[in-house]
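Values in this document were obtained by computation on a predicted structure and should not be read as measured data. All ligand and atom numbering here is 1-based and tracks the order in the structure.
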Amino acid sequence: MAVDRCVCHNLTFSYLKQVADANSANLSMLMQLTDCCSNCGMCTPYVILMLQTGATVFPALSASKVQALMDSARG
Ligand code: FES
């Protein structure tokens with residue numbers, strides 16, 4: 001099943017990409033602007049990947065890929 005949104009807030013990654021592009025937003029700023037990633041957090045690695053690649057639809061990520069993306073966001 002494809003992953004294309006922050007389910008908790010019903011925010012599509014396509015919409016989030018538009019907001020990120022319009023504001024040159026990083027993850028932190030995008031969260032402040034839209035409230036994405038602020039409830040369960042399951043969408044966070046996908047939003048990170050969206051910011052890195054520009055893609056807006058993803059296959060479900062493996063646990064190791066999720067961990068790698070979360071680690072990359074922490075610096
Ligand atoms: S899916 Fe985005 S916070 Fe839950």
Measure from atom 2 (Fe) of ligand 1 to each N, O or S atom of C37 and report whether any distance is below 2.8 Å.
no

Rounded to the nearest 10 degrees, what's the angle SG of C6 makes with SG of C43 at atom 2 (Fe) of ligand 1? Could you check?
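That angle is 100°.
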
Checking the side chain of [X] only, and the main-chain atoms of [Y] only, is there a donor and an acceptor separated by less than 3.5 Å?
X   : Y   : answer
Y46 : V57 : no
H9  : T34 : no
N26 : S28 : yes

Regarding C40, does it place an N, O or S atom less than 2.8 Å from atom 4 (Fe) of ligand 1?
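Yes, C40 qualifies, because one of its backbone or side-chain N, O or S atoms lies under 2.8 Å.
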
Is it the case that one hydrophobic cluster holds both M42 and M70, taking links as side-chain heavy atoms less than 4.5 Å apart, direct or via other members?
no

Hydrophobic cluster membership, with links at side-chain heavy-atom distances under 4.5 Å among I/L/V/M/F/W/Y: are L16 and V7 in one?
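No.
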
Show me which atoms of ligand 1 lie under 4.0 Å from any heavy atom of S38.
3 (S)

Pull out every atom of ligand 1 sitting under 4.0 Å from any heavy atom of G41, numbered as shown with elements.
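Every atom of ligand 1 under 4.0 Å from some heavy atom of G41: 3 (S), 4 (Fe).
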
Considering heavy atoms of the protein only, find what lies nearest to atom 1 (S) of ligand 1 and give residue, atom and distance to 0.1 Å.
V7 N, 3.3 Å

Compute whether any side-chain donor of one residue and acceptor of the other, for S64 and S62, lie under 3.5 angstrom apart.
yes

So, 4.0 Å and heavy atoms of C36: is ligand 1 close enough to count as a contact?
no

